[in-house]
Amino acid sequence: MMRLQRKEEVVSSLPKVGNRIVIGHVYTGRKSVTTEELDAYIFGRGLVSRGELVGIVDQDLNRVYITRITSMDKETPLSEIAEIIEKARELNVDFYNLVKKLIKDPRSIMRYANLRLLFIVNLDKNGNFKRDEDGKLSTKSIDEPPEPGMPIVKFTVDDYKTILGLRDEKDGICVGELVERPDVKVCLDKGFFRQHLIVLGQTGFGKSEAMARVIEEYMRHRDVLVVIMDPHGEYVDIDKSRLDGSKVFNVNVVRPGERNFAIGYNRLSPEEVKLIAQLVDESNPPSEQGLEALADAHADYLKLCVNTDKKSDVCTKDGKPKPYFDVLREIFNKVSGNPKYKLHEETKKSIIRRVNLMEKLRIWSPDPDYDLDVRQLMQGFDAVVVDYSGAEIGSLGARVLASVFLSRLIDRKKGDPSFRKTPLFLVADEATHFIPRDYDTVLSRKFRELIGEMRKFNLGVALVTQVPHKIHPDVLDPINTKILFRLQGSGLDAIEKFSNLSKEDLEHLKVLKRDTAFIISPYITENIPILVEFDKPNVKHYYLFQ
């Protein structure tokens, strides 16, 4: 209590520039002032913390340098205090009298800080931040360093929200609080999903719960449809309150193999046949020519057996339809002899083996004309959860169906003008299932295409993984928003290449506590990395230590 009272006394006695208290001064005792970083003198303990944004006020030009505290030392040695005081006198700063007034022993309140300069904001005549015609913060690069002796001010909560471009709770996606300023609620622009995001971190440090919080916020606003690819069944009760189990949102949970989530042979596209053939055995990728021949065989099946009034003899036996896979094998054996494919006998055998594996999957609807229509699964819901944890049909079949669903979702979003109007947020947990680094699939190529151009189709993607180095590199660079939980080793190496974290932040990333992450996004002014402690979701989420 005494310490808190003492801090309040110190704060109340500090000078102000407008409504902002002065907490220190620019100081050049150890290094020169540059346009990148500088040394500063900070009053007292507890006024600011590492990572906090503070301002350097240029009163002559009526502007503020926005800076970030990268480090703070302990109390200044006595010999250097004398040097600071001498410089303050030379600069005609009332620093010395201020120090004597605050406390008898100046050594207990003098601290060094290193500041990284970020950008400049001009002030209006009332001392408020100026904005451009679009209402955004008007920023400019630092063209000259601040002068020694300039006052350093602590920002208010409103200052912080304006600098970072944060929103109010009523119209933002609210995920937590700033670690260095817990009084600042982090509410991001609702459109930030359109820039795509990736959530990275080691197992057990809060990735999935953070994603549950983001999903909950989008469902709260009810103007963006959320689709969740759920490999572990973590999100199946996300429609319910975690406190009393009551239903809060309208969520459609679908599971591969159930009646409304299966595939009819006659509704498969040739591209989907290629995709399934790739996925049934990922350890030994098939030849592209063999897959093309199989896709053409399926196209011939549709032409000869489905999309015609007079069915070919290859389709029937004794007046009854022959089983789909028998027909597919028969047509493939004919098609594969075409010289344009240049198929070796071993390649043909490899493709037939994959067709046999496809036949054994428990993903097929008893109705060959059943159409897995992704739009019907979504209509009238706040979110759709594709639970492919595989309890009923096996993990391979579940992943295959989930992949076909995703492929259809992408195609429908691009090809259906009415569906394109619906804002859609696609969350892919365990993203390596769909866009692996080591081999290529039809779906992987679609995903990479989606990341590159899907903003114009009103769709954003969130990828969640603990192994960024196992995701195809083509998707990492175009993703503009990163949420980074604790990372070490090879995961950290991957982060260095596509984030703008400083060396200090990268070191901090190695030791972040649970539920704490850096957010880097173009929806935050100048892509400033912010450190956020995520709130627990209010809806149910099953944390699985996987």
Side-chain angles (χ1 to χ4, degrees), residues 193 196-199 211 215 224-235 252-258 260-264 267-280 282 358 361 363 371-378 381 383-390 393 395-416 419-420 422-437 439-455 457-465 470-472 474-475 478-479:
F193 79 98
H196 306 309
L197 64 141
I198 188 164
V199 185
M211 201 67 251
I215 292 166
V224 175
L225 176 65
V226 183
V227 176
I228 307 158
M229 308 306 294
D230 185 3
H232 303 305
E234 297 181 63
Y235 301 92
N252 187 18
V253 179
V254 295
R255 294 179 173 88
E258 294 183 351
N260 65 342
F261 204 83
I263 302 174
R267 295 292 184 167
L268 276 174
S269 72
E271 284 289 296
E272 289 170 344
V273 170
K274 283 176 63 175
L275 174 62
I276 297 170
Q278 286 176 306
L279 295 176
V280 291
E282 296 171 286
M358 292 167 61
L361 293 174
I363 64 174
D371 188 14
L372 178 60
D373 187 342
V374 298
R375 186 162 185 178
Q376 287 184 5
L377 296 176
M378 299 176 186
F381 294 99
V384 176
V385 176
V386 180
D387 171 20
Y388 66 105
S389 51
I393 65 171
S395 59
L396 176 59
R399 279 187 58 196
V400 169
L401 260 176
S403 298
V404 171
F405 172 83
L406 261 185
S407 181
R408 290 189 176 187
L409 176 63
I410 294 170
D411 290 343
R412 188 69 181 261
K413 201 73 171 99
K414 292 181 69 174
D416 185 339
F419 192 36
R420 192 179 303 169
T422 304
L424 194 148
F425 182 35
L426 172 61
V427 179
D429 208 342
E430 300 289 359
T432 51
H433 287 186
F434 308 113
I435 38 175
R437 181 186 184 91
Y439 59 92
D440 208 7
T441 68
V442 172
L443 178 59
S444 177
R445 289 193 290 273
K446 284 187 178 183
F447 232 118
R448 279 138 49 197
E449 178 186 338
L450 175 150
I451 294 292
E453 66 174 34
M454 270 307 200
R455 275 174 239 162
F457 295 109
N458 221 356
L459 185 148
V461 177
L463 306 179
V464 185
T465 183
K470 292 187 178 180
I471 288 181
H472 200 289
D474 288 356
V475 305
I479 291 178

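At least one side-chain heavy atom of I215 sits less than 4.5 Å from a side-chain heavy atom of V427. Between L459 and R420, every side-chain heavy-atom pair lies at or beyond the 4.5 Å cut-off. Q376 is not listed as a side-chain neighbour of N260, based on a closest heavy-atom distance of 4.5 Å or more. In this structure, the side chains of V224 and L424 stay at 4.5 Å or more apart for every pair of heavy atoms. Taking 4.5 Å as the limit, some side-chain heavy atom of F434 sits within range of a side-chain heavy atom of L406. The shortest side-chain heavy-atom distance between K470 and T465 does not fall under the 4.5 Å cut-off. Using a 4.5 Å heavy-atom cutoff, the side chains of I471 and R437 are not in contact.
Under the 6.0 Å cut-off for aromatic ring centres, F261 and F405 qualify, their centroids lying closer than that.
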**Prompt:** Going through the checks in order, is the side-chain contact (heavy atoms from CB on, under 4.5 Å) test met by V461 and F193?
**Reply:** CA-CA 7 Å; V461 177; F193 79 98; over 6 Å; no
**Request:** Carefully, step by step, assess D387 and V254 under the rule side-chain contact (heavy atoms from CB on, under 4.5 Å).
**Result:** CA-CA 6 Å; D387 171 20; V254 295; over 6 Å; no
**Message:** As a quick check of understanding, evaluate side-chain contact (heavy atoms from CB on, under 4.5 Å) for L426 and I228, giving each step before the final call.
**Reply:** CA-CA 6 Å; L426 172 61; I228 307 158; over 6 Å; no
**Item:** From CA spacing to verdict: side chain to side chain donor-acceptor pair (under 3.5 Å), R399, S403
**Value:** CA-CA 6 Å; R399 279 187 58 196; S403 298; 5.7 Å; no
**Request:** Apply side-chain contact (heavy atoms from CB on, under 4.5 Å) to the pair L372 and L377, showing each step before the final yes or no.
**Result:** CA-CA 9 Å; L372 178 60; L377 296 176; 4.0 Å; yes
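Of all heavy-atom pairs spanning S407 and L275, the tightest one is CB-CD2, 4.2 Å. Across all their heavy atoms, V386 and A402 have their closest contact at CG1-CB, 4.5 Å. The two atoms that bring S389 and G233 nearest to each other are CB-N, 4.0 Å, heavy atoms only. When all heavy atoms of I363 and V400 are compared, the pair lying nearest together is CD1-CG1, 3.8 Å. When all heavy atoms are compared, the tightest approach of H433 to P231 is CE1-CB, 4.0 Å. The two residues L396 and V280 come nearest to each other via the heavy atoms CD2-O, 3.8 Å.
For the atom pair CG (D429) and OH (Y235), the distance works out to 4.5 Å, reported to the nearest 0.5 Å. Atoms CD and OG, on Q278 and S444 in that order, are 9.0 Å from each other to the nearest 0.5 Å. Expressed to the nearest 0.5 Å, how far CG of D230 lies from CE of M211 amounts to 12.0 Å. Atoms CD1 and CG, from I276 and L401 in turn, are 7.5 Å apart once rounded to the nearest 0.5 Å. Distance check, rounded to the nearest 0.5 Å: NZ of K414 to CG of L409 gives 12.0 Å. Distance CG/D416 to CZ/R375: 5.0 Å, rounded to 0.5 Å.
Listed for the H232 side chain is no donor-acceptor partner under 3.5 Å among the backbone atoms of E234. Counting only distance, with no hydrogens or angles, the side chain of K413 and the backbone of T422 share a donor-acceptor pair below 3.5 Å. The main-chain N or O of P436 is never found under 3.5 Å from a side-chain atom of H472 such that the two would form a donor-acceptor pair. Distance alone, capped at 3.5 Å, places no donor-acceptor pair between the R255 side chain and the Y388 backbone.
Qualifying side-chain hydrogen bond (donor to acceptor under 3.5 Å, both in side chains) partners for R408, counting only residues two or more places apart in sequence or in other chains: E272, D371. For F381, the side-chain contact (heavy atoms from CB on, under 4.5 Å) partners are N250, N252, not counting sequence neighbours.
The residue from V199, I198, T432 that alone fulfils the side-chain contact (heavy atoms from CB on, under 4.5 Å) condition with L463 is I198.
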